[in-house]
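The structure appears right after this line, and notes come after that.
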Amino acid sequence: MPVTSAGILLYRAPAADESAGTVLEVFIAHMGGPYWERRHEGAWTVPKGEYLPATEHPLLAARREFGEEIGVAAPDLEYDDLGEFRSSTGKLTRVYAAEAPEFEVGRVESNLFELEWPPRSGRLRSFPEVDDARWVPIDEARSLVTKGQRQVLDALEARIAESPDPSAV
């Protein structure tokens, strides 16, 4: 049985700039820990985490994980199920999206995980699951998120394009 996770992708379309037009932004998180600390491209993710489908609803898991990784509760919004996405490792991630134009985070306070670091040293160190999170224009986000999550951004854009009212996605 594949590993399952659930996440929340917040989006907003700030006021149109006369020169650039309206730019869709997404809220993504930089993965923490020593493997990711010096990486920028391909090191960002939709805030998400694992859950057991037999015991927890994916939206509840996504909301829980958002709070654990970002340090604030996911905003109380109506979330749209963008679908389930398979990564190259076989992991399945269900992603929920909501427009959150007012959402801001002053400081990310993620939960921690333990890892033997440096490798084979016998010493366990604690690292944050997420060390940064911010609003990013969706075109820039495509190069920042892991390859397997680019399809999530495509799904969000397609869903918004289908909707006569983007805030209803």
Side-chain angles (χ1 to χ4, degrees), residues 1-12 25-77 79-100 102-138 140-153 155-156:
M1 179 171 214
V3 174
T4 54
S5 66
I8 288 179
L9 180 60
L10 300 178
Y11 67 94
R12 68 183 182 187
E25 293 181 330
V26 291
F27 188 79
I28 56 175
H30 185 267
M31 294 181 275
Y35 297 116
W36 303 104
E37 70 183 344
R38 289 186 175 85
R39 292 186 58 193
H40 191 62
E41 290 190 356
W44 293 72
T45 182
V46 170
K48 63 175 178 43
E50 293 180 10
Y51 75 103
L52 296 173
T55 62
E56 189 174 18
H57 188 277
L59 180 55
L60 294 177
R63 292 178 65 91
R64 171 181 47 78
E65 288 292 334
F66 188 96
E68 289 177 3
E69 292 193 348
I70 305 304
V72 299
D76 286 327
L77 300 166
Y79 290 91
D80 186 45
D81 184 350
L82 284 182
E84 195 167 63
F85 303 88
R86 184 179 298 276
S87 72
S88 60
T89 63
K91 184 179 195 176
L92 294 174
T93 301
R94 175 147 319 264
V95 178
Y96 296 89
E99 186 173 26
E102 306 298 319
F103 182 77
E104 292 294 340
V105 173
R107 191 172 118 208
V108 173
E109 293 188 33
S110 179
N111 57 342
L112 303 175
F113 69 95
E114 284 193 335
L115 177 71
E116 181 181 4
W117 194 258
R120 296 177 293 287
S121 67
R123 294 191 324 235
L124 284 180
R125 290 190 45 202
S126 294
F127 299 95
E129 281 193 39
V130 165
D131 59 20
D132 190 9
R134 65 178 78 150
W135 289 103
V136 177
I138 197 164
E140 181 183 342
R142 275 193 201 336
S143 67
L144 297 180
V145 297
T146 61
K147 284 183 184 178
Q149 289 187 17
R150 292 177 189 156
Q151 61 189 322
V152 175
L153 302 179
L156 174 64

Between Phe113 and Pro128 the two heavy atoms that sit nearest each other are CE2-O, 3.5 Å

From CD1 (Ile28) to CG (Leu9), nearest 0.5 Å:
9.0 Å

Residues 60-72 vs salt bridge (Lys or Arg N to Asp or Glu O under 4.0 Å), sequence neighbours excluded, gives Glu56-Arg64, Arg63-Asp76, Arg64-Glu68

Looking only at heavy atoms, what is the nearest atom pair of Ala6 and Ala61, with distance?
CB-CB, 4.3 Å

With sequence neighbours excluded, what pairs up with Ala29 under the side-chain contact (heavy atoms from CB on, under 4.5 Å) test?
Thr45, Pro47, Ile70, Val130, Ala133

Considering all heavy atoms, the nearest Leu82-Phe85 contact:
O-CZ, 3.6 Å

Considering all heavy atoms of both residues, which atom of Trp135 and which atom of Leu10 are nearest to each other, and what is their separation?
CZ3-O, 3.6 Å

Show, in sequence, the C-alpha distance, side-chain angles and deciding distance for Tyr51 and His57, and conclude whether the side-chain contact (heavy atoms from CB on, under 4.5 Å) test is met.
CA-CA 8 Å; Tyr51 75 103; His57 188 277; over 6 Å; no

Residues in ring pair (Phe, Tyr, Trp, His ring centres under 6.0 Å) contact with Phe103, at least two apart in sequence or another chain
Phe27, Phe66

Identify the heavy atoms of Ala62 and Tyr96 that sit nearest to each other, and give their distance.
CB-CD1, 4.2 Å

Hey, what do you get for CD (Glu41) to NZ (Lys147), rounding to the nearest 0.5 Å?
11.0 Å

Can you sort out the partners of Asp132 under salt bridge (charged side-chain N to carboxylate O under 4.0 Å, His left out), two or more places apart, ordered by chain and number?
Arg134

In Å and rounded to the nearest 0.5 Å, what is the CD1 to CG distance from Ile138 to Leu144?
11.5 Å

Any side-chain hydrogen bond (donor to acceptor under 3.5 Å, both in side chains) involving residues 81-93? Give me the pairs, sequence neighbours left out, ordered by first then second residue.
Ser5-Thr93, Asp81-Arg94, Ser87-Thr89

Between Gln149 (side chain only) and Val46 (backbone N and O only), is there a donor and an acceptor less than 3.5 Å apart?
yes

Taking side-chain contact (heavy atoms from CB on, under 4.5 Å) as the definition, give me every residue that meets it alongside Ser126, ordered by chain and number, with sequence neighbours left out.
Leu112, Glu114

Sequence neighbours left out, what passes side-chain contact (heavy atoms from CB on, under 4.5 Å) with Glu102? Give chain and number order.
none

Partners meeting salt bridge (charged side-chain N to carboxylate O under 4.0 Å, His left out) with Arg142 (sequence neighbours left out):
Asp154, Glu157

Any pair counted as ring-ring contact (aromatic ring centres under 6.0 Å, His included), so long as it reaches residues 31-50, sequence neighbours left out:
His30-Trp44, Tyr35-Trp117, His40-Trp44

Pair Glu50-Val3, side-chain contact (heavy atoms from CB on, under 4.5 Å): steps then yes or no:
CA-CA 7 Å; Glu50 293 180 10; Val3 174; 3.4 Å; yes

Who pairs with Glu109 by salt bridge (charged side-chain N to carboxylate O under 4.0 Å, His left out), at least two apart in sequence or on another chain?
Arg107

Heavy-atom closest pair (Gly32 atom, Asp131 atom, distance to 0.1 Å) is CA-OD2, 3.8 Å

Steps toward side-chain contact (heavy atoms from CB on, under 4.5 Å) verdict (Val145, Arg150):
CA-CA 7 Å; Val145 297; Arg150 292 177 189 156; 3.9 Å; yes

Run the side chain to side chain donor-acceptor pair (under 3.5 Å) test against Glu129 and tell me which residues pass, sequence neighbours left out.
Asn111

List in chain and number order the residues that pass side-chain contact (heavy atoms from CB on, under 4.5 Å) with Arg123, two or more places apart in sequence or in another chain; answer none if no residue qualifies.
Pro118, Ser121

